[in-house]
Asker: 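For reference, the structure I am asking about is given below.
Keep in mind it's a predicted model, so treat the numbers as computed, not measured.
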Amino acid sequence: WQIPLGEHPELVEQGFGNTGSENYGGPVVTASGLLFIGATLFDQKLRAFDAATGELLWEHEMPYSGMATPAVYMADGRQYIVIGTSNARNPKGQQGSAYIAFALPD
């Protein structure tokens, strides 16, 4: 499957969605078939897709762009996703960086 990944917020405001965006970083796929990717420079979202079909299952807007490949780890029997975020490549965005972690449902 192929899809445009990311959007330019200023184009969405003009009615142009699904434009795609510059991408920096790659995806990670879990054993259960979830594909997680940040990578979109301007819309600052982390997305989860069904790895087999490409269906968007979940997205979350982060404080900065996910300019890294997410990491998956287990702690105390629970699975987590963590991603490094930064707006260093986006001169129009609020500057800063943070690590963002999410617990996956049981």
Asker: Which residues pass the ring-ring contact (aromatic ring centres under 6.0 Å, His included) test with Phe49, sequence neighbours left out?
Answerer: Trp1
Asker: For Phe16, check ring-ring contact (aromatic ring centres under 6.0 Å, His included) against everything at least two apart and list the hits.
Answerer: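 ring-ring contact (aromatic ring centres under 6.0 Å, His included) check on Phe16 returns nothing, list empty.
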Asker: Taking all non-hydrogen atoms of both residues, which atom of Gly20 and which atom of Pro4 are closest, and how far apart?
Answerer: N-CB, 3.8 Å
Asker: Looking only at heavy atoms, what is the nearest atom pair of Pro70 and Gly38, with distance?
Answerer: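 The pair with the smallest heavy-atom distance is CG-N, 4.4 Å.
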Asker: Excluding sequence neighbours, so at least two apart, what forms side chain to side chain donor-acceptor pair (under 3.5 Å) with Asn23?
Answerer: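 Expected list: none.
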Asker: Could you measure the distance from the NE2 atom of His60 to the CG atom of Leu46? Nearest 0.5 Å is fine.
Answerer: 8.0 Å
Asker: Does one hydrophobic cluster hold both Ile81 and Leu35, with members joined at side-chain heavy-atom distances below 4.5 Å?
Answerer: no
Asker: Given 3.5 Å as the limit, does a donor-acceptor pair link the side chain of Asn87 with the main chain of Gly96, or not?
Answerer: no
Asker: Could you pull out all donor-acceptor pairs under 3.5 Å where a side-chain atom in residues 52-59 meets a protein atom, sequence neighbours excluded?
Answerer:
| unit_1 | atom_1 | unit_2 | atom_2 | d |
| --- | --- | --- | --- | --- |
| Thr53 | OG1 | Glu55 | N | 3.2 |
| Glu59 | OE2 | Lys45 | NZ | 3.4 |

Asker: Under 4.5 Å between side-chain heavy atoms, hopping through other hydrophobics if needed: is there a path connecting Leu34 to Phe102?
Answerer: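 Leu34 and Phe102: one cluster.
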Asker: For the pair Ser65 (side chain) and Leu41 (backbone), establish whether a donor and an acceptor sit closer than 3.5 Å, ignoring hydrogens and angles.
Answerer: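 Looks like yes, one N/O pair under 3.5 Å.
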Asker: With sequence neighbours left out, write down each residue that passes ring-ring contact (aromatic ring centres under 6.0 Å, His included) with Tyr99, or none if nothing qualifies.
Answerer: none
Asker: Hey, is the main chain of Asn18 close enough, under 3.5 Å, to the side chain of Glu7 for a donor-acceptor pair?
Answerer: yes
Asker: Strictly by ring-ring contact (aromatic ring centres under 6.0 Å, His included), give each pair with a member in residues 62-87 just once, sequence neighbours left out.
Answerer: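 Output for this query lists Tyr73-Tyr80.
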Asker: Examine distances only and state if a side-chain atom of Gln79 and a backbone atom of Met74 form a donor-acceptor pair shorter than 3.5 Å.
Answerer: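 The answer is no, because no donor-acceptor pair under 3.5 Å joins these two groups.
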Asker: State, to 0.1 Å, how close Ala39 and Ile37 come at their nearest heavy-atom pair, and which atoms those are.
Answerer: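 The answer is CB-CG1, 3.9 Å.
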Asker: Does Arg89 CZ have over 12 foreign heavy atoms under 6.0 Å away?
Answerer: no
Asker: Does Arg47 count as lying over the ring of Phe36, i.e. NZ or CZ under 6.0 Å from the six-ring centre, within 45 degrees of the axis?
Answerer: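 No, a cation-pi geometry is absent between Arg47 and Phe36.
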Asker: Taking atom NE2 of His8 and atom CG of Asp43, what is their separation to the nearest 0.5 Å?
Answerer: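 Answer rounded to 0.5 Å: 9.0 Å.
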Asker: Which distance, rounded to the nearest 0.5 Å, do you find between the CG of Asn90 and the OG1 of Thr40?
Answerer: 10.5 Å
Asker: Do the side chain of Gln44 and the main chain of Phe42 share a donor and acceptor less than 3.5 angstrom apart?
Answerer: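 Side chain of Gln44 to backbone of Phe42, a donor-acceptor pair under 3.5 Å: no, none is there.
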Asker: Can you tell me how far apart CE (Met67) and OG1 (Thr85) are? Round to the nearest 0.5 Å.
Answerer: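 If I round to the nearest 0.5 Å, the distance is 9.5 Å.
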